[in-house]
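What follows is a single structure, written as structure tokens, with notes after it.
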Amino acid sequence: FSFNANQATFVGELFDGCIQSGFIRNGCPANWALIPTCKNQEWSPAAHTRNRSGSVFIGTLDYKKMSADFFSLASQLPGEALPLSVYGQLMSNTFAADLKSKQDKSIRYCGYAVNKEAIFSPAAFFFYPLRPDHYGTTENALLEAMSYGLLPLVKNNPVEEAILGDQFFPLLNIEKHLSDFSSILLNSHALQEEISNRIRMRSFELTNSQFRRKKWYEFLESRSDDFRSINISSV
């Protein structure tokens with residue numbers, strides 16, 4: 001809402017009820033209903049055997065979403081053991097120039113991502129340092145990567161902290177101990193596999209549709225059937 005607080009408040013005043021689906025509560029107008037994607041319920045998917053290496057970034061290649069220290073953080077990854085493959089559409093000349101100058105054996109640009117399964121399956125880590133005020137579909141990308149068992153390396157941002165929770169965020173916060181953490185995991189296949197399976201369980205828990213469906217029904221049942229005239233162009 002730091003990008004559209006005025007518009008959100010305006011829309012909220014026009015309608016009897018509005019929905020925010022996501023994790024950030026700060027800035028959400030008082031009359032908006034928050035329907036998050038998470039719930040607390042035990043989930044036990046089948047174990048997922050891993051034998052992977054390397055890290056991957058898939059997303060918008062623009063500093064409007066990505067952290068300004070993207071490349072300085074990437075340089076802390078153990079390059080030969082954990083090369084970073086960057087996928088996405090180049091939306092920014094500034095980022096494109098940085099990417100061109102920073103590319104080497106440990107960081108390479110691989111173009112636009114079409115088949116995510118082929119990209120996620122061989123990777124061990126999902127490198128995802130975003131701006132603290134990022135917006136859009138970033139939480140979907142993170143949850144999708146987690147569902148493949150990738151270990152997300154994220155910054156200390158409200159959305160990422162809410163998705164990973166108290167159990168995983170302190171461990172995967174790259175601003176704390178990126179190089180040490182990645183090296184420890186690379187040298188311990190058993191530990192990497194254990195955390196991977198737990199990360200998958202977390203992603204399945206957060207994307208369970210039963211919780212959302214219940215909240216949506218509550219919201220729709222409380223709606224008003226009174227007609228109102230609204231200038232659509234203003235919306």
Side-chain angles (χ1 to χ4, degrees), residues 2-4 22-24 50 52-161 163-164 169 171-186 192 196 199 203:
S2 60
F3 286 90
N4 61 359
F23 290 87
I24 296 181
R50 295 171 54 84
R52 311 179 184 184
S53 62
S55 56
V56 61
F57 171 89
I58 296 179
T60 301
L61 302 182
D62 193 327
Y63 288 121
K64 70 181 182 181
K65 286 193 178 181
M66 298 162 61
S67 174
D69 58 357
F70 180 92
F71 289 105
S72 64
L73 288 170
S75 67
Q76 297 178 43
L77 294 167
E80 293 184 5
L82 199 62
L84 173 63
S85 299
V86 178
Y87 291 86
Q89 185 176 358
L90 286 167
M91 306 289 290
S92 162
N93 292 334
T94 302
F95 184 85
D98 288 348
L99 180 59
K100 184 176 181 179
S101 65
K102 301 293 184 182
Q103 274 195 98
D104 54 27
K105 292 182 179 179
S106 61
I107 301 177
R108 60 192 180 99
Y109 175 55
C110 303
Y112 186 75
V114 178
N115 183 357
K116 291 184 180 180
E117 181 177 1
I119 296 169
F120 282 146
S121 295
F125 296 91
F126 186 54
F127 184 69
Y128 211 52
L130 302 179
R131 287 174 46 151
D133 56 352
H134 64 74
Y135 62 97
T137 57
T138 52
E139 69 182 57
N140 294 332
L142 179 56
L143 287 166
E144 186 174 10
M146 290 169 60
S147 72
Y148 281 91
L150 274 72
L151 305 184
L153 304 175
V154 297
K155 294 194 69 173
N156 186 13
N157 295 334
V159 173
E160 286 72 63
E161 186 173 359
I163 290 176
L164 293 176
F169 182 74
L171 184 66
L172 298 167
N173 179 359
I174 57 180
E175 294 178 292
K176 293 287 187 180
H177 40 223
L178 173 58
S179 56
D180 292 340
F181 168 73
S182 55
S183 297
I184 291 171
L185 283 182
L186 287 171
Q192 186 183 134
S196 170
I199 284 289
S203 72

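The shortest distance between side-chain heavy atoms of Phe57 and Phe126 does not fall below 4.5 Å. Counting only heavy atoms from C-beta outward, the side chains of Ile163 and Val154 never approach each other to under 4.5 Å. Looking only at side-chain heavy atoms (C-beta outward), Leu153 and Leu77 come within less than 4.5 Å of each other.
Considering every non-hydrogen atom in both Phe125 and Leu150, the closest pair reads O-CD2, 3.6 Å. Here the shortest heavy-atom pairing between Ser75 and Ser72 reads OG-O, 2.6 Å. Nearest heavy-atom pair across Met66 and Leu61 is SD-CA, 3.6 Å. Residues Ser203 and Leu143 share a closest heavy-atom pair of CB-O, 3.8 Å. Taking both residues in full, the closest heavy atoms of Lys64 and Arg131 are given as O-CD, 3.3 Å, listed atom of the first, atom of the second, then distance. For Pro132 against Asn157, the heavy-atom pair with the smallest separation is CA-OD1, 3.3 Å.
Listed for the Gln103 side chain is a donor-acceptor partner under 3.5 Å among the backbone atoms of Tyr109. Of the possible donor and acceptor atoms, none in the side chain of Thr60 sits under 3.5 Å from a partner among the backbone N and O of Asp62.
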Give the C-alpha distance, both sets of side-chain angles, the deciding distance and a yes or no for side chain to side chain contact (heavy atoms under 4.5 Å, CB included) between Glu160 and Leu172.
CA-CA 10 Å; Glu160 286 72 63; Leu172 298 167; over 6 Å; no

List the steps, then state whether side chain to side chain contact (heavy atoms under 4.5 Å, CB included) holds for Asn156 with Phe169.
CA-CA 8 Å; Asn156 186 13; Phe169 182 74; 3.4 Å; yes

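Scanning for side-chain contact (heavy atoms from CB on, under 4.5 Å) contacts around Asn93 gives an empty result, with sequence neighbours left out. Scanning for ring pair (Phe, Tyr, Trp, His ring centres under 6.0 Å) contacts around Phe95 gives Tyr63, Phe70, Phe71, with sequence neighbours left out. A search for salt bridge (Lys or Arg N to Asp or Glu O under 4.0 Å) contacts involving Lys155 returns Asp69, Glu175, not counting sequence neighbours.
Atom CG of residue Leu171 and atom CG of residue Leu164 lie 9.5 Å apart, to the nearest 0.5 angstrom.
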Run the side-chain donor-acceptor check on residues 84-91: report pairs under 3.5 Å with partners two or more places apart or on a different chain.
residue: Ser85; atom: OG; partner: Arg108; partner atom: NH2; Å: 3.4

All N/O donor-acceptor pairs, side-chain side in residues 112-124, below 3.5 Å, sequence neighbours left out:
residue: Asn115; atom: OD1; partner: Glu117; partner atom: N; Å: 3.2
residue: Asn115; atom: OD1; partner: Ala118; partner atom: N; Å: 3.4
residue: Lys116; atom: NZ; partner: Glu144; partner atom: OE1; Å: 3.3
residue: Ser121; atom: OG; partner: Glu117; partner atom: O; Å: 2.7

